[in-house]
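First the proteins, then the strands, lettered A, B, ... as listed; each starts at 1. Every value quoted in this text rests on a predicted model; they were computed, and no experiment measured them.
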Amino acid sequence: MAAPFRLYNTLSRTVEDFVPLQPGRVGLYVCGMTVYDRCHVGHARAMVIFDTFVRYLRHRGWAVEFVRNFTDVDDKIINRANELGEDPIALSKRYIDAFHEDADAMGLLRPDHEPKVSESIEDILALTQELIDRGHAYVADGSVWFAVETFGDYGRLSGQKVDELRSADAADGKRSGADFALWKAVKPGEPAWPSPWGPGRPGWHIECSAMAQSRLGSTVDIHGGGLDLVFPHHENEIAQSECGHGGEKYVRYWMHNGLLTMSSGQKMGKSLGNVINVEVALANFPAQTLRLYYLQNHYRSPLPWGEEALPEALAMLSRLYEAKEVAEALGGEGDADQIAREMGPDAEAVLKLGRELPERLHAALDEDFNTSKALGDLFELARAINRFANLKKAKKRGGPVVAPALAAFDLIADATGLLAQPTREFLEEVKTKRLAALGVTREEIEAKLAEREAARVAKDWAAADAVRKELEERQIVVMDKPEGVEWRVKLT
RNA sequence: GGCGCCAUGGCCAAGUGGUAAGGCAGAGGACUGCAAAUCCUUCAUCCCCGGUUCAAAUCCGGGUGGCGCCUCCA
């Protein structure tokens with residue numbers, strides 16, 4: 001039942017037919033956060049992309065087992081904890097909670113498993129021991145190092161050459177500059193666990209190999225993460241897992257998302273100090289805005305971030321939601337084809353587009369998850385709806401004609417999580433959040449509108465227009481509709 | 001220096017052989033007391049130079065420019 005799809009594989013640098021290890025099942029491992037700070041909009045891109053990907057695969061009939069880890073033992077966490085005089089594990093716990101808040105606020109599904117390094121020490125020790133036993137790792141001064149030269153395929157994912165890496169500093173008992181730590185001997189002020197080689201803590205890469213194996217087995221169907229993790233992190237995971245499992249393939253498809261870039265072209269990164277936290281973004285914009293912003297570009301492309309990014313995404317999203325609302329308001333019943341024939345080409349067009357949308361959506365997403373293409377199709381549908389709804393007779397009888405379009409919106413929601421929020425609720429959230437961002441209250445607006453209404457009744461157009469202008473200067477747009485006066489916040 | 005990715009209108013962006021989806025912004029029009037929303041019209045030959053082909057944004061070669069990784073990073 002699971003529908004076939006194609007996916008770009010970083011390992012082959014081509015789009016390939018997806019063939020799972022077991023028919024109908026997808027084991028997906030995604031590198032999660034190192035929890036020493038809040039989740040920023042760059043991380044969130046990866047989170048939303050893989051969340052959407054999982055929703056889509058399930059929508060298409062795949063049984064997906066989704067694992068996303070927390071790295072809660074790490075140099076950066078320890079450093080931050082020492083700065084704050086806090087216990088590292090306590091600090092990472094705080095940020096795990098904060099991450100869950102952000103993830104929930106973004107409307108992300110919880111993965112099936114969210115393993116933590118601190119709770120996976122047994123698995124890590126076992127894999128490390130296995131690597132030593134098989135001659136791929138060695139002990140030096142209480143630390144364990146992976147011997148890169150024992151793995152002939154090293155560098156295949158990233159194109160790095162062992163010869164060039166070798167020249168790096170071979171400190172701390174490393175035999176080669178290319179070698180990397182599986183286990184780090186304890187240092188003062190650092191958390192440590194007992195091990196056969198003395199107290200210490202896991203190296204950076206071993207965690208993912210161990211956690212992926214314990215949840216998904218030796219071979220993972222799809223392993224995801226940011227493009228910046230290709231080297232060294234994912235390269236080292238391959239080395240550890242394949243050497244630790246006697247050469248068994250670790251990952252069938254490597255799926256890497258592109259990074260968020262600043263208008264300057266630089267990526268957004270904690271080390272560059274140019275981050276926007278999810279918490280801040282969501283205070284000003286509904287979560288759906290963020291999702292649309294991420295999905296409007298192909299997942300592998302860089303995505304530009306700027307002042308106008310979210311306002312523009314909100315304008316796009318509002319257009320879709322409003323078209324949906326327009327369609328929902330159409331009434332009547334009967335045979336859609338017959339009504340459409342009677343009502344003319346605009347009716348026939350929206351009926352046809354609505355019916356075609358599921359197939360077009362699937363075609364776009366089945367080909368390397370092309371969300372950008374899929375969105376383009378959706379906007380065409382929105383325009384067709386609006387055009388049709390402009391017909392006078394559509395209001396009372398057009399319902400059946402737009403029924404497939406409305407079903408298509410539901411399909412989008414199920415398949416991607418986009419437009420999943422009820423229309424009215426979304427439009428209200430837009431108002432609430434944008435007003436808060438602008439520092440305007442509903443009461444002020446209502447008062448001004450009452451003032452204007454009095455002027456209009458008196459046909460004092462100059463006074464009425466003055467109020468309109470005043471509100472517009474505060475980014476509030478007044479709309480005189482047949483049903484009454486409405487207002488909205490200017491979006492861009 | 002090594003490895004890799006990319007270069008489409010004012011901005012964002014889809015598009016792997018047959019003469020350029022979509023969004024945002026702009027202009028004109030319909031509608032409106034005026035507006036807004038909506039609809040209609042309008043706005044690109046795809047970085048440059050060669051090559052392959054009946055035909056290239058799309059393939060090949062060479063430039064130029066940008067970015068990612070090579071140290072922590074989604």
How is A/G224 classified with respect to the nucleic acid when contacts are heavy atoms under 4.0 Å: base, sugar-phosphate, or nothing? nothing
Value in whole Å for how far the C1' atom of B/rC39 lies from CG of A/L391: 10 Å
Sequence neighbours excluded - salt bridge (Lys or Arg N to Asp or Glu O under 4.0 Å) pairs with any residue from residues 385-395 of chain A: A/D346-A/R387
Answer yes or no: is there an ion pair linking A/R201 with A/D75, defined by an N-O contact shorter than 4.0 Å? yes
What nucleic acid atoms does A/G42 come within less than 4.0 Å of, heavy atoms only: base, sugar-phosphate, or nothing? base
Residue-phosphate contact under 4.0 Å: A/N370 side-chain N/O, B/rG15 OP1/OP2: yes
Result block: side-chain N/O donor-acceptor pairs under 3.5 angstrom for residues 312-329 of chain A, not counting sequence neighbours:
from	atom 1	to	atom 2	distance (Å)
A/S318	OG	A/L314	O	2.8
A/Y321	OH	A/Q421	N	3.2
A/Y321	OH	A/Q421	O	2.9
A/E322	OE1	A/R488	NH1	3.4
A/E322	OE2	A/R488	NH1	3.4
A/E325	OE2	A/R424	NH1	2.2

Summary of protein contacts for nucleotides 21-37 of chain B, nucleotide by nucleotide, where a base hit scores B, a sugar-phosphate-only hit scores S (4.0 Å, heavy atoms): BSBSS-------BBBBS
Over all heavy atoms of both residues, which pair between A/L353 and A/E380 is shortest? Give the atoms and the distance, please. CD1-O, 3.8 Å
In chain order, what residues pass the salt bridge (charged side-chain N to carboxylate O under 4.0 Å, His left out) check against A/K396, with sequence neighbours excluded? none
Any strand is fair game: report the nucleotide pairing with B/rC46 by Watson-Crick or G-U wobble, both distances under 3.5 Å, or none. none
Scan residues 286-304 of chain A for pairs that pass salt bridge (Lys or Arg N to Asp or Glu O under 4.0 Å), counting only residues two or more places apart or in two chains. A/D51-A/R291, A/R300-A/D368
Out of B/rA74, B/rC40, B/rG2, which nucleotide sits closest to the side chain of A/R387? B/rC40
Partners of A/K352 by side-chain hydrogen bond (donor to acceptor under 3.5 Å, both in side chains), sequence neighbours excluded? A/E356
Send over the distance from A/D37 CG to B/rA74 C1', rounded to a whole Å. 14 Å
Verify the distance criterion only: is there a donor paired with an acceptor across the side chains of A/D72 and A/S118 at less than 3.5 Å? yes
Residue whose nearest RNA chain B nucleotide is more 5′ - A/K161 or A/A46: A/K161
Under 4.0 angstrom, heavy atoms only, what part of the nucleic acid is A/H233 near: base, sugar-phosphate, or nothing? nothing
Hey, which sits more toward the 5' end of RNA chain B by its nearest nucleotide, A/N386 or A/R45? A/N386
Whole Å only: how far is the CG atom of A/N257 from the P atom of B/rC67? 20 Å
Quick one: does A/D179's side chain have a donor or acceptor within less than 3.5 Å of a partner on A/V148's backbone? yes
Mind checking the P distance from B/rA36 to B/rG26? Whole angstroms is fine. 10 Å
Within the structure shown, what part of the strands sits under 4.0 Å from A/L227 by heavy-atom distance: base, sugar-phosphate, or nothing? nothing
Interatomic distance at P, B/rA55 relative to B/rG15, whole Å: 26 Å
With ring-ring contact (aromatic ring centres under 6.0 Å, His included) as the test, would you mind laying out the steps for A/Y36 and A/Y95 before giving the verdict? CA-CA 6 Å; A/Y36 71 104; A/Y95 282 114; 7.7 Å; no
Please give the distance between the P atoms of B/rC6 and B/rG50 as a whole number of Å. 24 Å
Complementary nucleotide for B/rU64 - Watson-Crick or wobble, under 3.5 Å: B/rA7
C1' atoms of B/rC5 and B/rC39, separation to the nearest Å: 41 Å
The Watson-Crick or G-U wobble partner of B/rA21, with both key distances under 3.5 Å, is none
What integer number of Å spans the P atoms of B/rU52 and B/rU58? 15 Å
With a 3.5 Å cut-off and sequence neighbours excluded, list the donor-acceptor pairs that the side chains of residues 358-367 of chain A form with protein atoms.
from	atom 1	to	atom 2	distance (Å)
A/R360	NH2	A/D377	OD1	3.0
A/H362	ND1	A/R60	NH1	3.2
A/H362	ND1	A/P358	O	3.3
A/H362	NE2	A/H59	NE2	3.1
A/D366	OD1	A/Y56	OH	2.8
A/D366	OD2	A/R60	NH2	2.6
A/E367	OE1	A/R6	NE	3.0
A/E367	OE2	A/R6	NE	3.3

Interatomic distance at C1', B/rU8 relative to B/rA57, whole Å: 7 Å
Counting only non-hydrogen atoms, which of residues 4-16 of chain A are less than 4.0 Å from RNA chain B? A/R13
Check the distance between B/rA14's C1' and A/L361's CG and give it to me in whole angstrom. 15 Å
With a 3.5 angstrom cut-off on both distances, give the Watson-Crick or G-U wobble partner of B/rG1, or none if there isn't one. B/rC70
Without decimals, in angstroms, what is the distance between A/H234 NE2 and B/rA74 C1'? 9 Å
C1' atom, B/rC69 versus B/rG51: distance in rounded Å? 33 Å
Could you tell me how far apart A/L303 (CG) and B/rG68 (C1') are, to the nearest whole angstrom? 15 Å
Can you check nucleotides 8-10 of chain B for protein contacts, nitrogen or oxygen pairs under 3.5 Å, and list what you find?
none

With no hydrogens and no angle check, is any side-chain donor or acceptor of A/S92 less than 3.5 Å from a backbone partner on A/I89? yes
With a 3.5 angstrom cut-off on both distances, give the Watson-Crick or G-U wobble partner of B/rC59, or none if there isn't one. B/rG51
OP1 or OP2 of B/rG2 versus the side-chain N and O atoms of A/S158: is any pair under 4.0 Å? no
What integer distance in Å separates A/D228:CG from B/rC6:P? 17 Å
B/rA13 pairs with which nucleotide, Watson-Crick or G-U wobble, both distances below 3.5 Å? none
With A/I49, which residues qualify under side chain to side chain contact (heavy atoms under 4.5 Å, CB included), at least two apart? A/R45, A/N257, A/Y299
Residue-level proximity of residues 100-117 of chain A to RNA chain B when a heavy atom falls under 4.0 Å: none
Relative to A/W487, does A/K431 satisfy both conditions: NZ or CZ under 6.0 angstrom from the six-membered ring centre, and within 45 degrees of the ring's axis? yes
For A/W254, give me all partners under side-chain hydrogen bond (donor to acceptor under 3.5 Å, both in side chains), at least two apart in sequence or on another chain. none
In whole Å, what is the span from the CG atom of A/D75 to the P atom of B/rC72? 8 Å
Could you tell me whether A/D37 and A/R94 have a side-chain N and a carboxylate O separated by less than 4.0 Å? no
Does A/H256 form a ring-ring contact (aromatic ring centres under 6.0 Å, His included) with A/H234? I'd like the steps, not just the answer. CA-CA 10 Å; A/H256 289 105; A/H234 291 160; 4.9 Å; yes
